[in-house]
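Contents: one structure, followed by commentary.
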Amino acid sequence: MEITRITSLDTPETAIFASLTEAQLRNRLDPSRGLFIAESPKVINVALNAGFKPMAMLCEERHITGDAAGIIARAPEMRIYTGSRELLSQLTGYTLTRGVLCAMHRPSLPTVEEVCKTARRIAVIDSVVDTTNIGAIFRSAAALGIDGILLTPTSCDPLNRRAVRVSMGSVFLVPWTWIDTPVTPTLNKRGFATAAMALTDKSVSIDDPQLRHIDKLAIILGTEGDGLAPTVIEQADWTVRIPMHHNVDSLNVAAASAVAFWELRDRNHI
């Protein structure tokens, strides 16, 4: 076990935790060398359980024999950097959740075909850019029986540090990958009907009995401000709305996703 105690903000080895941007960690030029940051012992353990490989850990000194001890025991080859709570906060720019960060290798993503192969309920995230919303959608998807998630390239990266933390590690539990637009023709070829979550004159209520009998369904969720683009709605097989009271016209996309995932769940294969 290699432990390096940090006494300066200029330690080059800690750049992955401090100065590298999310885009640099992702390493688009060479995805095989890409990294992501998992935060908190619970989230790190979920990643380890899912088979993700750690590279290095940054943690407060007291956690080496405390909250991080179990993680260190599971990955003895991992490099460990430690220091005081105050120094690490200055280094990263924020107070570490439960005092532990872990840099992990990015996995090779499955193809759209692989995500769809055995799935019956899929979520499509179209241009959602808020990291908190991405994390919350993944957490709801994992809890409510969504088999896979597809994201358009204009959406936030699910392995963004904050998205990972908000999801409580659910980004490691649901298969996901990127999908090019338009999504409906691609999914129709794989046997999926698509349901765009949007308010239009043609929208059906989310509790419409017809929706319950669809064998393979993809639920399309749009961006936080403007929702789904008109072309996405027009191409979808269904346009679906959540009935609301008090003249409220919409829910936050993360809240709407939880309602949609529950109501449109696959009742035939629970």
Problem - L173 backbone acceptor or donor facing S170 side chain under 3.5 Å - result: no
Show me, pair by pair, the donor-acceptor contacts under 3.5 angstrom made by side chains of residues 67-80, not counting sequence neighbours?
unit_1: D67; atom_1: OD2; unit_2: R98; atom_2: NE; d: 3.2
unit_1: D67; atom_1: OD2; unit_2: R98; atom_2: NH2; d: 2.9
unit_1: R74; atom_1: NH1; unit_2: N45; atom_2: OD1; d: 3.0
unit_1: R74; atom_1: NH1; unit_2: N49; atom_2: OD1; d: 3.0
unit_1: R74; atom_1: NH2; unit_2: N49; atom_2: OD1; d: 2.8
unit_1: R79; atom_1: NE; unit_2: Y81; atom_2: OH; d: 3.1

Handout entry: Heavy-atom side-chain proximity of R241 to I206 below 4.5 angstrom
Key = no
Practice task
Measure the shortest side-chain to side-chain distance between R165 and T131 over non-hydrogen atoms and say whether it is less than 4.5 angstrom.
Solution key: no
Completion exercise
side chain to side chain contact (heavy atoms under 4.5 Å, CB included) with R85: of H63, R62, Q90, E61, only one passes, and it is R62
Problem - Identified side chain to side chain contact (heavy atoms under 4.5 Å, CB included) counterpart of M197 within the set I242, L251, I233 - result: I242
Exercise for the section: Return each pair, listed once, that meets salt bridge (charged side-chain N to carboxylate O under 4.0 Å, His left out) where at least one residue sits in residues 193-209; pairs must be two or more places apart or across chains. Expected result: none
Fill in the blank from the handout: So side-chain hydrogen bond (donor to acceptor under 3.5 Å, both in side chains) across residues 171-185, not counting sequence neighbours, yields T184-T194
Exercise for the section: For the residue pair R120 and L217, establish whether any side-chain heavy-atom pair is separated by less than 4.5 Å. Expected result: no
Practice task
Mark yes or no for whether S257, through its side chain, and I137, through its backbone, hold a donor-acceptor pair below 3.5 Å.
Solution key: no
Exercise for the section: Kindly say whether L35 contributes a backbone atom to a donor-acceptor pair with the side chain of R106 at under 3.5 angstrom? Expected result: yes
Practice task
Measure from the side-chain N and O atoms of T92 to the backbone N and O of F17, and report whether any donor-acceptor pair falls under 3.5 Å.
Solution key: no
Handout entry: Name of the residue among T14, V100, L58 meeting side chain to side chain contact (heavy atoms under 4.5 Å, CB included) with L88
Key = L58
Exercise for the section: Verify whether one side chain among S127 and T223 offers a donor that lies under 3.5 Å from an acceptor in the other. Expected result: no
Practice task
May I ask you to decide if R161's main-chain N or O and E39's side chain share a donor-acceptor pair within less than 3.5 Å?
Solution key: no
Practice task
Using atom types as modelled and distance alone, determine if a side-chain donor or acceptor of R121 lies under 3.5 Å from a backbone N or O of L264.
Solution key: yes
Completion exercise
A218 and F192 have their tightest heavy-atom pair at N-CD2, 4.0 Å
Exercise for the section: Applying ring pair (Phe, Tyr, Trp, His ring centres under 6.0 Å), name anything that partners F172, two or more places apart in sequence or on another chain. Expected result: F36, F52
Problem - Polar side-chain atom of Q235 near backbone of V232 as donor-acceptor pair, under 3.5 Å - result: no
Exercise for the section: Mark yes or no for whether S155, through its side chain, and L151, through its backbone, hold a donor-acceptor pair below 3.5 Å. Expected result: no
Exercise for the section: Any salt bridge (charged side-chain N to carboxylate O under 4.0 Å, His left out) involving residues 226-238? Give me the pairs, sequence neighbours left out, ordered by first then second residue. Expected result: none
Handout entry: N160 side chain to V164 backbone, donor-acceptor under 3.5 Å
Key = no
Practice task
Return each pair, listed once, that meets side-chain hydrogen bond (donor to acceptor under 3.5 Å, both in side chains) where at least one residue sits in residues 137-151; pairs must be two or more places apart or across chains.
Solution key: none
